[in-house]
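Below you'll find the structure, written out as structure tokens, and then a few comments.
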Amino acid sequence: KNSRNDEECIKMILESREVTKKYGSKTAVNQVSLQLEPGLVYAMLGPNGSGKTTWMKMVAGLVKPTNGEILYQGTPIGKESKKEIAYMSTEPYFYNWMTVSDVGKYYEDFFEDFSMEKYRQMISRMELTEDMKAKKLSSGMAKLKIAVTMAREARLYLLDEPLNGIDLLARDQIMKSILEAIDPDVTLVVSSHLVDELERVADAAIFMKDGILANQCMVEELRINQHKSVVDLYREIYGHGGEEVC
């Protein structure tokens, strides 16, 4: 295929084309079409059950779409794309016997692009030590998941609710650590219900509502052209049911 759309898609790091995911009679994601550009930070916003996690899992290759397709650098999601896409889930996924050090070794064995040096830098920033037991971490579990995910040399990072369980004072430092861990041409998608926290760092915002893409816009263009903040638009979409397009 050599259509103009396909050429444009290759320039994008990711394209979601009318992607739908159904679980029985329930539609978790409904015909979501969007594109992600290299080098941008995307805030994926919406309440619980809006489809954010399901869409991320499809991009990560953990769940297959019912309909539609997802292209990573012009190629369907598959074995090769998984090597360049790092996904952090909301669920804890470490064995109870693991220490922080064991988690790093586990990832090092599993992912070719995992950097132990980067991991040690990240856990230091997160104020974790290698001898800590994963099962005994509370807010530290969220920090550990972020550290081990960001220690991969990926091109696309998907962080699902990374600020959950992290206290207010630590959030700025956590986001700073995340942004410092990525190269300028890397794409980052962060889902959260903490709109204020993400507005400070996001280049673009994606709004999911009841499984559909309610809105996608550039944050700076929203401020300049519509004189609105991301928080303002969030209130319009979820407070009054509006779905205007930026």
Side-chain angles (χ1 to χ4, degrees), residues 14 16 18-36 40-60 62-68 70 87-93 138-139 141-143 145-146 149 156-168 170-172 174-175 178 187-219 221-223 226 228-246:
L14 188 101
S16 173
E18 296 185 355
V19 171
T20 296
K21 179 61 184 178
K22 295 184 178 181
Y23 295 99
S25 61
K26 177 179 172 56
T27 302
V29 172
N30 190 7
Q31 295 187 319
V32 169
S33 295
L34 59 85
Q35 295 178 328
L36 302 182
L40 297 186
V41 177
Y42 290 85
M44 179 165 268
L45 305 171
N48 291 337
S50 59
K52 305 188 302 297
T53 294
T54 299
W55 185 83
M56 281 190 169
K57 285 183 175 180
M58 287 190 285
V59 174
L62 302 176
V63 173
K64 290 185 177 181
T66 305
N67 293 303
I70 300 174
Y87 169 65
M88 191 205 88
S89 74
T90 56
E91 302 91 355
Y93 43 86
S138 53
S139 62
M141 177 60 76
K143 295 177 182 178
K145 290 194 299 178
I146 293 168
T149 303
L156 172 61
Y157 293 89
L158 307 167
L159 305 182
D160 196 359
E161 298 284 356
L163 300 178
N164 271 10
I166 296 177
D167 65 83
L168 180 62
R171 287 174 193 162
D172 285 344
I174 297 301
M175 285 306 304
I178 290 171
T187 303
L188 175 66
V189 182
V190 184
S191 79
S192 182
H193 59 278
L194 301 171
V195 187
D196 286 334
E197 303 290 341
L198 291 190
E199 180 161 14
R200 300 190 193 109
V201 300
D203 300 300
I206 299 167
F207 296 84
M208 297 289 291
K209 181 180 181 181
D210 299 327
I212 69 169
L213 176 66
N215 198 301
Q216 181 179 8
C217 63
M218 300 301 294
V219 173
E221 290 177 7
L222 176 66
R223 292 176 186 139
Q226 298 191 38
K228 294 178 183 177
S229 67
V230 173
V231 173
D232 293 333
L233 191 53
Y234 188 97
R235 288 188 179 120
E236 288 183 13
I237 293 172
Y238 304 106
H240 303 97
E243 293 180 3
E244 67 177 61
V245 177
C246 295

Taking all heavy atoms of Met58 and all of Ile70, pick out the closest pair and write down the distance. CB-CD1, 3.7 Å
So, is the end of the Lys209 side chain (NZ or CZ) under 6.0 Å from the ring centre of Phe207 and within 45° of the ring's axis? no
Could you tell me the separation between the SG atom of Cys217 and the CZ atom of Arg223, rounded to the nearest 0.5 Å? 10.0 Å
Distance alone, cut at 3.5 Å: any donor-acceptor contact between the side chains of Asn30 and Thr27? no
Sequence neighbours excluded, which residues qualify as side chain to side chain donor-acceptor pair (under 3.5 Å) partners of Ser191? Asp160
Donor-acceptor pair, side chain of Ser16 and main chain of Val32, under 3.5 angstrom: yes
Evaluate side-chain contact (heavy atoms from CB on, under 4.5 Å) for Leu36 paired with Leu156, printing each intermediate quantity in order. CA-CA 10 Å; Leu36 302 182; Leu156 172 61; 4.3 Å; yes
Only one of Asp203, Val190, Val219, Thr187 clears side chain to side chain contact (heavy atoms under 4.5 Å, CB included) with Tyr42; which? Thr187
Counting C-beta onward and ignoring hydrogens, is there a side-chain heavy-atom pair between Val201 and Ile178 closer than 4.5 Å? no
Roughly how far apart are Met88 CE and Leu158 CG, rounded to 0.5 Å? 10.5 Å
What I'd like to find out is whether the side chain of Leu163 reaches to under 4.5 Å of the side chain of Met175, using heavy atoms alone. yes
Exam field: side chain Arg171 to backbone Glu197, donor-acceptor pair closer than 3.5 Å: no
Output the distance between atom CD1 (Ile166) and atom CG (Leu194), rounded to the nearest 0.5 Å. 10.0 Å
Restricting to non-hydrogen atoms, name the atom on Tyr87 and the atom on Ala60 that form the minimum distance, rounded to 0.1 Å. CB-CB, 3.7 Å
Electrostatic pair Glu199:Lys228 at N-O distance under 4.0 angstrom: no
Any donor-acceptor pair under 3.5 Å from Ser33 side chain to Glu18 backbone: yes
Side-chain (Thr54) to main-chain (Gly51) donor-acceptor, under 3.5 angstrom: no
Is there a side-chain contact (heavy atoms from CB on, under 4.5 Å) between Trp55 and Leu34? Walk through the geometry before answering. CA-CA 11 Å; Trp55 185 83; Leu34 59 85; 3.6 Å; yes
Residues Gln226, Asp232; criterion side-chain contact (heavy atoms from CB on, under 4.5 Å); working and verdict: CA-CA 10 Å; Gln226 298 191 38; Asp232 293 333; over 6 Å; no
Could you check if a side-chain atom of Gln35 sits within less than 4.5 angstrom of a side-chain atom of Gln216, using non-hydrogen atoms only? no
Any side-chain heavy atom of Met44 sitting closer than 4.5 Å to one from Leu198? no
Heavy-atom closest pair (Leu45 atom, Lys52 atom, distance to 0.1 Å) is C-CD, 3.7 Å
Close side-chain approach of Pro65 and Lys21, heavy atoms under 4.5 Å: no
Approximate separation, where rounding is to 0.5 Å, of Ile206 CD1 and Asn215 CG: 10.0 Å
Contact between Leu159 and Val189 at the side-chain level, heavy atoms closer than 4.5 Å - yes or no? no
Within this structure, what is the CG-OH distance for the pair Asp210 and Tyr238, rounded to the nearest 0.5 Å? 9.0 Å
side-chain contact (heavy atoms from CB on, under 4.5 Å) for Thr20 and Val29? Distances and angles first, verdict last. CA-CA 5 Å; Thr20 296; Val29 172; 5.8 Å; no
Could you tell me if the side chain of Leu40 sits less than 4.5 Å from the side chain of Met218, heavy atoms only? yes
Taking C-beta and beyond as the side chain, do Tyr23 and Val63 meet within less than 4.5 Å on heavy atoms? yes
Got more than 12 heavy atoms from elsewhere within 6.0 Å of CG, Asp172? yes
Counting only heavy atoms not in Asn48, do more than 12 sit closer than 6.0 Å to its CG atom? no
Could you tell me whether a side-chain N or O of Lys145 sits under 3.5 Å from a main-chain N or O of Pro162, the two making a donor and an acceptor? no
